[in-house]
Amino acid sequence: MIADEKQLLEAIAVAARAAGAQILKLVAAGFEVETKGDQSPVTVCDRAAEAIILAVLEVAAPGVPVIAEEEVAAGRIPEHGDMYFLVDPLDGTKEFVRGGDDYTVNIGLIVGGSPRLGVVYAPATGRLHGGIVGEGAWVEESGERQAIACRPRSEAPIAVASKSHFSQPTADYLEAVGARDYASIGSSLKFCIVAEGRADIYPRLSPTSEWDTAAGHAVLLAAGGRVDGPDGSPLTYGKRAFLNRGFVATGGWQAPPVGPLLANFSGGGELPQGV
């Protein structure tokens, strides 16, 4: 285990802010968009932000492996046991390249297959979410930090859903749980909105990478929420190819499993470990 988790959380918060500052600097200078082997977009911003985070983690948590999106894309996957970082240096790249501001820097620590702590930083707004499971979660804005917590389930839940991956099955699921409204948000901010008590449920009925979800998952758990995999059991980490088939996140109550609505899951090709 990490000797001082609170100190580590502060260190990764510094890393996320530094990475975010570099992203904003590169945005101001202009950048080109490339396409990775899986047809997802990538920019110099992703790579520069990841380099900063890797350097900070090497000092803050020496010896703890880091599984980072662009490192994995380059075929560099470190040996790891039950404890490792999952890093997405720029989550929501599709919205980012369109000029949107709901992209994030994500750093999460996995211990024993579950998120233990993490931070989610939104460079465009300067909002930073952090949390340690069992110790609480917070949001920091303009130098002010305040505790956050999920709210009790309402009769007609408010939902958040993916901006780029909303689908008919997602609409069907939201209707089945009685959601009266939903907000379309990019990146891991959806976890944070539930963690702040501003929404009740976030279903994801299409694949994500584990580094997309680890940090937001940690913040939500720290705020009293839960994230369940396709069969309704808690979403775990360390799966083949670091992929989540689907999940549903709530403010702490168990929602119906999303598994019955998921499409067949297949992969291969550019995926580092198959599926």
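Quick caveat, the model's predicted, so the values are computed rather than measured.
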Check: For S187, what residues pass the side-chain hydrogen bond (donor to acceptor under 3.5 Å, both in side chains) criterion, not counting sequence neighbours?
Finding: none
Next item on the list: State whether the number of non-hydrogen atoms from other residues, nucleotides or ligands found under 6.0 Å of E58 atom CD is greater than 12.
Entry: no
Note to self: Going by the rule ring pair (Phe, Tyr, Trp, His ring centres under 6.0 Å), which residues pair with Y173 if we only count those two or more places apart in sequence or in a different chain?
What the structure shows: none
Next item on the list: Not counting sequence neighbours, list each pair that qualifies as a side-chain hydrogen bond (donor to acceptor under 3.5 Å, both in side chains) and has a residue in residues 250-261.
Entry: none
Notebook entry, point to check: Do V56 and V87 sit in the same hydrophobic cluster, where Ile, Leu, Val, Met, Phe, Trp and Tyr count as joined when their side-chain heavy atoms come under 4.5 Å apart?
Noted result: no
Notebook entry, point to check: Got a donor-acceptor contact below 3.5 angstrom from the R116 side chain to the V111 backbone?
Noted result: no
Next item on the list: Evaluate side chain to side chain contact (heavy atoms under 4.5 Å, CB included) for L109 paired with I12, printing each intermediate quantity in order.
Entry: CA-CA 10 Å; L109 178 70; I12 66 174; over 6 Å; no
Notebook entry, point to check: Sub-3.5 Å donor-acceptor pair from the side chain of Y182 to the main-chain atoms of A171, do we have one?
Noted result: no
Note to self: I'd like to know if the side chain of S206 pairs up with that of R204 as donor and acceptor (distance under 3.5 Å, no hydrogens or angles considered).
What the structure shows: yes
Notebook entry, point to check: Do you reckon F166 sits in the same ILVMFWY cluster as V258, going by side-chain contacts under 4.5 Å, direct or chained?
Noted result: no
Next item on the list: Calculate, to the nearest 0.5 Å, the distance between atoms CD1 and CD belonging to I132 and E5 respectively.
Entry: 5.5 Å
Next item on the list: Please report the closest heavy-atom contact between P123 and G20, naming both atoms and the distance.
Entry: CG-CA, 3.6 Å
Note to self: Tell me the closest heavy-atom pair linking P257 and P260, and the distance in Å.
What the structure shows: O-CD, 3.5 Å
Margin query: Checking V177 against D200 for the side chain to side chain contact (heavy atoms under 4.5 Å, CB included) test, could you report, in this order, the C-alpha distance in whole Å, the side-chain angles of both residues, the deciding distance, and whether it holds?
Written below: CA-CA 11 Å; V177 299; D200 302 287; over 6 Å; no
Next item on the list: Please assess L189 against R127 for the test side chain to side chain contact (heavy atoms under 4.5 Å, CB included), listing each intermediate value before the final yes or no.
Entry: CA-CA 10 Å; L189 288 173; R127 301 189 88 224; over 6 Å; no
Margin query: Grouping I, L, V, M, F, W and Y whenever their side-chain heavy atoms are under 4.5 Å apart, do I23 and L57 come out in a common cluster?
Written below: yes
Item checked: Partners passing side-chain hydrogen bond (donor to acceptor under 3.5 Å, both in side chains) against R145 (at least two apart in sequence or in another chain) -> E10, E140
Check: With a 4.5 Å heavy-atom cut-off, do P203 and L205 have their side chains touching?
Finding: yes
Check: A60 and P62: which non-hydrogen atoms are nearest, and at how many Å?
Finding: C-CD, 3.6 Å
Note to self: Measuring only between side-chain heavy atoms, which start at C-beta, is R47 closer than 4.5 Å to E50?
What the structure shows: no
Next item on the list: Verify side chain to side chain contact (heavy atoms under 4.5 Å, CB included) between V72 and E210, making sure each step is shown before the conclusion.
Entry: CA-CA 12 Å; V72 172; E210 292 185 349; over 6 Å; no
Next item on the list: Taking all heavy atoms of G232 and all of D228, pick out the closest pair and write down the distance.
Entry: O-CG, 3.4 Å
Item checked: Side chain proximity check, L221 to P115, heavy atoms < 4.5 angstrom -> yes
Item checked: Test item: side-chain donor near acceptor, N244 and T213, under 3.5 Å -> yes
Next item on the list: Any chance you could measure T125, atom OG1, to D102, atom CG, to the nearest 0.5 Å?
Entry: 9.5 Å
Notebook entry, point to check: Sequence neighbours excluded, which residues qualify as ring pair (Phe, Tyr, Trp, His ring centres under 6.0 Å) partners of F247?
Noted result: F191, Y202
Check: Any donor-acceptor pair under 3.5 Å linking the side chain of R151 with the backbone of E196?
Finding: no
Margin query: As an exercise, state the distance from CD1 of I107 to CD1 of I53, rounded to the nearest 0.5 Å.
Written below: 4.0 Å
Margin query: Check for me whether K239 meets the cation-pi criterion with Y237, that is, NZ or CZ under 6.0 Å from the six-membered ring centre and within 45 degrees of the ring axis.
Written below: yes
Checklist line | Inter-residue atom distance I193.CD1 - C150.SG, 0.5 Å rounding | finding: 12.5 Å
Next item on the list: For the residue pair E71 and V66, establish whether any side-chain heavy-atom pair is separated by less than 4.5 Å.
Entry: no
Margin query: Minimum heavy-atom separation for P230 and G246, please, with both atom names.
Written below: CD-O, 3.3 Å
Checklist line | Note, S188 side chain near D212 side chain (heavy atom, < 4.5 Å) | finding: no
Check: Is there side-chain contact between L9 and V119, with heavy atoms separated by less than 4.5 Å?
Finding: yes
Note to self: How about CG on D82, more than 12 heavy atoms from neighbouring residues, nucleotides or ligands closer than 6.0 Å, or not?
What the structure shows: no
Check: Taking the side chain as C-beta and beyond, is there a heavy-atom pair between N106 and W211 under 4.5 Å?
Finding: no
Notebook entry, point to check: Excluding sequence neighbours, so at least two apart, what forms side-chain hydrogen bond (donor to acceptor under 3.5 Å, both in side chains) with T236?
Noted result: none
Checklist line | Distance in Å, K190 NZ paired with D91 CG, rounded so as to fall on 0.5 Å steps | finding: 7.0 Å
Check: Is it the case that one hydrophobic cluster holds both I52 and L8, taking links as side-chain heavy atoms less than 4.5 Å apart, direct or via other members?
Finding: no
Next item on the list: Identify whether V219 and V248 are in the same connected component of the hydrophobic contact network (ILVMFWY, side-chain heavy atoms under 4.5 Å).
Entry: no
Checklist line | Closest non-hydrogen atom pair, A61 against F85 | finding: CB-CE1, 3.6 Å
Item checked: Rounded distance (nearest 0.5 Å) linking atom CD1 of I185 with atom OG1 of T104 -> 12.0 Å
Check: Given side chains that start at C-beta, do those of S209 and L243 come closer than 4.5 Å, heavy atoms only?
Finding: yes
